[in-house]
Amino acid sequence: MPDMISLEEARDLVLSRVSALPVETVSILDAVGRVAAADLKSDIDISPFAHSAMDGFAVRAADLAAASPESPVELDVVAEVAAGETYEGSLAPGQCVRIMTGAPLPADADAVVKYEVVGVVSGDGKPGSRVSFDQPAALRANVREAGEEAKAGEIVVQAGEVVGTAGVGFLAGCGILEMPTYRRPRVAVAAIGSELVEPSVVPTAGKIRNSNSYALAACVRAAGGVPTILPIVEDSHEALAQAVREAARDYDFVITSGGASNGDFDFIKPVVSELGELLMTTVNMRPGKAQTFGIVDGTPVFGLPGNPAAAYVGFEMIIRPALRKMQGYTHFERPRVVAKLSRDVKKNDPRRIFLRSTLYKNDEGDYVVAPAKNQSSGLFGVIQRSNCMAIMPEGLESRTAGSLIECVLLDVAEESSL
Ligand code: AMP
Ligand code: MG
């Protein structure tokens, strides 16, 4: 096992060790944001019949071919058809039908003219009236065609597609009320550290609250997984071995935080090695060099560092893609934007550095990125107030204000084509 690997190698390694979970069927309302596990087909044409897109008059376009303001064409209104009704008769030359939005186009009609441009010659515009037109109508004007969006039996959502909120409406229209999708991963989240207390408790001397488990459980949920926060694990080999063994048995994916470095009380590496296969320990990035990954009892086990920002970046960059692959997603990269640095950034660590930052547009419409002043890896609040991470590449090259830098957006979906 190599000592330190790149972030790309780490991500590929973890991705290579997970696969899509079994398929379950969910109601389309619960399918939003999830991946279709099969092609979905409409049972009918969408729309089922040609209909009017406007309130107006259904006409034979040929009747109006010579219409002009100087010599308008007059037609007889022979019927009225509302949405939900059908007009069974046909349209003879010189006739038109008053029609509402959504009503089927009568046989022989081939265009709809909206109310606003039709003059009433006699009557009230209802059947029995005479109306006038002072311009020709284009063939099929204001007509929504049958099968415009889909034909009966046609695939409307392909396997692998992520269903959006509009997609739910599309599926409903196609008579599809349930969707097969990949099961959400059940993820155990365990904090390691004898200094940790539950957040409900005011810490006594030397203790701190376990905030990581909450952030990581929230990250799991945001990634589509189902998190369970396990009890805090003290810094002992035995306690950690027992917790990891049980979690690997009961969950699809195990995440720990803390105890990932080389201190006297850091046990995640020896424990994974003892219980299973240790595949990775160190990634060339900052924050979060100590990233442990292995397989225990067939289950992926990921040991994040204890520092909050280090744990967060490790989750975002490596674990999130894995949880997404388990749910059938095929996009693993958050969108990136190139922006102007708001200030000088010195580099004195050769690792790739993720600067917690705020991206905005200046008055000229250019993207500017402002790295937070405090880049301590111990802070969650800074990330809460950031919307991206600016990436200082490997090496020791510092950057000056105004120079261009790549930023990875947080909280923008991987599928986004930004
Ligand atoms: P470690 O990776 O165990 O060496 O921890 C690094 C730093 O992160 C230490 O200051 C820990 O106290 C802190 N830390 C570890 N676990 C947590 C946690 N669950 N919540 C908040 N801070 C933590
Ligand atoms: Mg520790």
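Both counts, for ligands and for their atoms, begin at 1 and track the order of listing.
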Quick one: table the atom pairs, ligand 1 N or O against protein N or O, below 3.5 Å, distance rounded to 0.1 Å.
unit_1: ligand 1; atom_1: 2 (O); unit_2: G306; atom_2: N; d: 2.9
unit_1: ligand 1; atom_1: 3 (O); unit_2: G259; atom_2: N; d: 2.8
unit_1: ligand 1; atom_1: 8 (O); unit_2: G306; atom_2: O; d: 3.2
unit_1: ligand 1; atom_1: 8 (O); unit_2: N307; atom_2: N; d: 3.2
unit_1: ligand 1; atom_1: 12 (O); unit_2: E195; atom_2: OE2; d: 2.6
unit_1: ligand 1; atom_1: 14 (N); unit_2: G306; atom_2: O; d: 3.2
unit_1: ligand 1; atom_1: 19 (N); unit_2: N210; atom_2: OD1; d: 2.9
unit_1: ligand 1; atom_1: 20 (N); unit_2: S211; atom_2: N; d: 3.2
unit_1: ligand 1; atom_1: 20 (N); unit_2: N212; atom_2: N; d: 3.2

ask   = Just by modelled atom types, is the L278 backbone N or O under 3.5 Å from a matching donor or acceptor in the K269 side chain?
value = no
inquiry  = Once salt bridge (charged side-chain N to carboxylate O under 4.0 Å, His left out) is applied, what residue pairs with a partner in residues 360-373 remain, sequence neighbours excluded?
reply    = K340-D366
key: Residue pairs fulfilling salt bridge (charged side-chain N to carboxylate O under 4.0 Å, His left out) with at least one residue in residues 290-309, sequence neighbours excluded   = none
query = Pick from R34, R183, R184: which one makes a salt bridge (Lys or Arg N to Asp or Glu O under 4.0 Å) with E24?
reply = R34
query = Are R324 and E414 within salt-bridge range, i.e. N to O under 4.0 Å?
reply = yes
request  = Could you name each residue pair satisfying salt bridge (charged side-chain N to carboxylate O under 4.0 Å, His left out) that touches residues 98-109, not counting sequence neighbours?
outcome  = E80-R98
